[in-house]
Amino acid sequence: MPLPLTPLSRGSLPPDPIALARWLIGKRVVRPLDGAHVGGRIVETEAYLDDDPASHSFRGQNLRNRSMFGVRGNAYVYRIYGMWFCFNVSAGAPREGAAVLIRAIEPEFGLDAMAARRRGGDPRDLTRGPGRLCAALAIDLQLDGIDLCRANGALWLAEGGAPIGPIGTSPRIGITKAADAPLRFYERGNPRVSGPKSART
DNA sequence: TCACTGATCGTCT
DNA sequence: GACGATCAGTGAG
């Protein structure tokens with residue numbers, strides 16, 4: 001798919017993690033796999049802040065969360081519930097420990113490659129949810145810490161194409177601490193957004 | 001369409 | 001030893 005994919009420059013990323021989470025809606029995730037580009041538009045994100053009890057960075061830096069503490073625009077990948085991975089973009093200032101969780105994308109290119117990595121199931125669920133997104137794009141711990149602003153990398157971010165619809169805000173999903181903070185952002189009405197229907201209106 | 005539950009295992013307490 | 005930024009399968013409305 002010869003889409004004009006332009007990598008994001010690190011300097012264009014909003015320094016504020018919340019602003020970054022909102023700004024990333026409509027941008028693209030690009031994953032070169034088997035000689036082709038796989039990915040699509042980001043439609044759902046969540047912000048995790050440095051002083052946020054729900055954030056992995058809350059108790060300070062350790063071996064697992066160190067990627068959250070670097071410059072913004074790097075990948076932070078971790079394993080959850082023993083069998084899934086979640087993909088974040090490091091945010092904020094260096095040593096701050098903030099990140100933006102990419103919860104869902106709208107597949108645009110490499111559909112077959114994604115489906116091949118997620119056998120069965122509803123095609124509309126291919127990349128709906130952080131665990132499914134990582135499975136479809138073959139994102140694992142090997143990509144932890146990678147620079148997402150380099151177009152020749154194994155995983156990177158690109159400028160958006162289609163216009164962005166209205167952006168909704170809600171509490172984050174699946175957490176128990178600071179569960180009411182309105183730090184989830186999504187493109188309203190987009191069927192690729194995760195959660196029940198009421199969570200994407 | 002939603003609510004509930006089991007699966008599964010690395011990391012931190 | 002307990003828990004978690006989840007998912008797929010099942011069953012009810």
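These numbers were taken from a predicted model, which means no experiment stands behind them. Labels below follow one simple rule: chain letters A, B, ... track the order of the sequence lines, proteins then strands, and each chain is numbered from 1.
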Testing A:Ile18, A:Leu24, A:Leu20, A:Val43 for side-chain contact (heavy atoms from CB on, under 4.5 Å) with A:Phe185, which one passes? A:Ile18
Check the pair A:Arg103, A:Glu46 against salt bridge (Lys or Arg N to Asp or Glu O under 4.0 Å), reporting the backbone distance first and the verdict last. CA-CA 7 Å; A:Arg103 288 193 58 88; A:Glu46 285 179 359; 3.6 Å; yes
With the side chain of A:Tyr81 defined as its heavy atoms from C-beta on, choose the nearest nucleotide among C:dG4, C:dC7, B:dC12. C:dG4
Nearest-Å distance for atom pair CZ/P, residues A:Phe85 and C:dA5: 15 Å
Between B:dC12, C:dA5, B:dC2, which one does the side chain of A:Tyr76 approach most closely? C:dA5
If you assign each of A:Met83 and A:Leu141 to its closest nucleotide in DNA chain B, which residue comes earlier from the 5' end? A:Met83
Give one of base, sugar-phosphate or nothing for A:Ile80, where a contact means two heavy atoms less than 4.0 Å apart. sugar-phosphate
From C-beta outward on A:Thr176, which listed nucleotide comes closest to its side chain: C:dT6, C:dG4, B:dC2? C:dG4
Report the nucleotide, chosen from B:dG10, B:dC12, C:dA5, that has the shortest atom-to-atom distance to any side-chain atom of A:Met68. C:dA5
For the CZ atom on A:Arg10, are there more than 12 heavy atoms of other groups (residues, nucleotides or ligands in this structure) within a distance under 6.0 Å? yes
Sub-4.5 Å side-chain heavy-atom contact between A:Glu159 and A:Leu8: yes
Which whole-number value in Å describes the distance from A:Leu101 CG to C:dA5 C1'? 6 Å
With a cut-off of 6.0 Å (strictly less than), are more than 12 heavy atoms of other residues, nucleotides or ligands near CG of A:Asp112? no
Round to the nearest Å and state the distance from A:Ile173 atom CD1 to C:dG4 atom C1'. 16 Å
Whole angstrom value for the distance that separates C1' of C:dG4 from CZ of A:Arg172: 14 Å
Is the A:Tyr78 to A:Tyr76 ring centre distance short of 6.0 Å? yes
If you compare every side-chain N and O of A:Arg79 against the phosphate oxygens of C:dG4 (OP1, OP2), does one of them come in below 4.0 Å? no
Ignoring backbone atoms, establish whether A:Arg132 has a side-chain N or O less than 4.0 Å from OP1 or OP2 of C:dA8. yes
Report yes or no: does A:Thr127 contribute a side-chain atom to a donor-acceptor pair with the main-chain N or O of A:Ile105 at less than 3.5 Å? yes
Mind calculating the distance between NZ (A:Lys177) and P (B:dC12) to the nearest angstrom? 12 Å
Do A:Tyr78 and C:dA5 share a donor-acceptor pair, side chain to base, under 3.5 Å? yes
For A:Leu133 and C:dC7, what is the distance between atoms CG and C1' respectively, to the nearest whole Å? 14 Å
Using a cut-off of strictly less than 4.0 Å, decide whether A:Arg59 has a side-chain nitrogen or oxygen near OP1 or OP2 of B:dT11. no
So, is A:Arg128 close to the C:dT6 phosphate, meaning a side-chain N or O under 4.0 Å from OP1 or OP2? no
Euclidean distance, atom CD of residue A:Glu44 to atom P of C:dT6 [Å, nearest integer]: 10 Å
Could you check whether A:Gly82 gets within reach of a base, just the sugar-phosphate, or nothing at all, counting any heavy atom under 4.0 Å? base
In which ranges does DNA chain C form stems of 3 or more consecutive Watson-Crick or G-U pairs, distances under 3.5 Å? B:1-7 with C:6-12, B:9-12 with C:1-4
For a quick test of reading the model: is some side-chain N or O of A:Asn62 closer than 4.0 Å to OP1 or OP2 of B:dC12? yes
Atom-pair distance (CZ on A:Arg184; P on C:dT6), nearest Å: 11 Å
Is it true that atom CZ of A:Arg66 has more than 12 heavy atoms of other residues, nucleotides or ligands lying nearer than 6.0 Å? no
